[in-house]
Amino acid sequence: MKAKGKSHVGTALALRWGDEPLEEAIIRNPLEIGAVTPENSLKWESVEPGRGNFTFEVADAHVNFALEHDLSLRCHTLVWHSQLAPWVEAGNYDNATLIEIMRSHIYTVAGRYKGRCKHWDVVNEALEEDGSWRESVFYKTIGEAFLPLAFKFAAEADPDAKLWYNDYNLEYDEVKTIETANLIDLIRSYGARIDGVGLQGHLVVESTPTQSNPTPSLEVLESALRRFTDKGVDVEYTEIDIRMNTPATPEKLEEQATQYNRVVTSCMNNDRCIGITLWGISDKHSWIPYTFEGEGAALAWDENFQKKPAYGGILQAIHDA
Ligand code: 9MR
């Protein structure tokens with residue numbers, strides 16, 4: 001990836017080395033992995049479980065692991081409706097108070113890791129599937145200004161970090177994609193800076209009970225990326241996994257390889273796509289089977305940490321670029 005001008009292939013990081021030496025070996029192999037995104041440890045519920053009560057032990061361990069092993073660090077995520085500490089909603093705060101809570105959270109968390117997070121997912125998943133605003137506590141209390149304000153606070157807290165908006169189902173180049181591109185203009189209209197849009201890349205090999213549309217064509221993927229890069233920001237596939245109805249069959253695994261190849265090819269074909277991050281290493285540790293019953297087998301290494309055809313699909317896309 002680096003030889004082809006990209007920054008990295010990354011993975012979500014969960015630090016379970018006592019149990020998983022094979023996973024650790026893959027993540028520590030610089031030929032495989034060049035960046036990590038702490039999977040849960042930097043989320044609001046983890047770092048500020050009570051108002052003004054910050055807990056950084058676990059987050060520090062993730063950040064230190066990345067720096068000690070020369071992995072570039074994507075930090076995730078400052079403002080999100082999910083995995084939010086319950087007190088933020090329960091307080092029924094007014095506009096001014098919630099802005100102050102958001103400012104204090106961002107200053108404290110992004111400030112602590114200043115100079116260490118190469119990228120920050122500042123706001124995660126602010127829109128609904130139809131492109132309208134998600135009715136999060138932030139939107140309901142502060143209005144659309146919560147988004148540019150979050151970017152302004154993040155830039156003040158860590159001026160050198162690249163600031164990202166991150167969301168799912170942007171790959172289909174439909175209304176959500178178009179409205180997300182409009183968020184770039186909204187952020188800038190407040191005088192704030194945005195550097196990138198992350199397309200999470202939670203996709204499906206085949207129609208499943210939770211997602212009827214398989215991975216789009218190369219043409220559609222490329223067009224979705226251009227919606228953002230045409231506005232002068234970077235893009236990355238930030239949380240890739242391509243799931244299927246389990247059990248996996250050899251045919252489905254081959255089709256998955258083709259789809260991984262397509263996703264990575266679309267990134268290789270866009271100069272402003274900086275790289276890809278897989279949402280984990282092995283099918284043994286993936287959020288999918290816990291969240292979507294009967295679905296899984298979404299990653300590039302199988303349950304035994306053996307490379308799947310998907311791995312070959314990724315590699316081929318990089319070689320062919
Ligand atoms: O992988 C994460 C899983 O361990 C958590 O339980 C889950 C809680 O919602 O979040 C998962 O990661 C999410 C990411 O932070 C944002 N995009 C969607 C991911 C999958 O839910």
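All ligand and atom numbering here is 1-based and tracks the order in the structure.
By the 4.0 Å N-to-carboxylate-O rule, Lys284 lies too far from Glu23 to be salt-bridged with it.
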With a cut-off of 3.5 Å and sequence neighbours excluded, list every side-chain donor-acceptor pair involving residues 35-42.
from	atom 1	to	atom 2	distance (Å)
Asn40	OD1	Lys43	NZ	2.8
Asn40	OD1	Gln83	NE2	2.9
Ser41	OG	His62	ND1	3.3

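Cluster partners of Trp287 are Trp279, Ile288, Phe292, counting Ile, Leu, Val, Met, Phe, Trp and Tyr whose side-chain heavy atoms approach within less than 4.5 Å, directly or via other members.
The environment of Asp70 atom CG is sparse: at most 12 non-hydrogen atoms of other residues, nucleotides or ligands sit within 6.0 angstrom.
When all heavy atoms are compared, the tightest approach of Thr177 to Leu170 is OG1-O, 3.0 Å.
Asp173 meets the side-chain hydrogen bond (donor to acceptor under 3.5 Å, both in side chains) test with Ser223, Arg227; sequence neighbours excluded.
The immediate protein surroundings of ligand 1, defined as residues with any heavy atom under 4.0 Å of it, consist of Glu39, Asn40, Lys43, His76, Trp80, Ser82, Gln83, Asn124, Glu125, Gln200, His202, Glu239, Trp279, Trp287.
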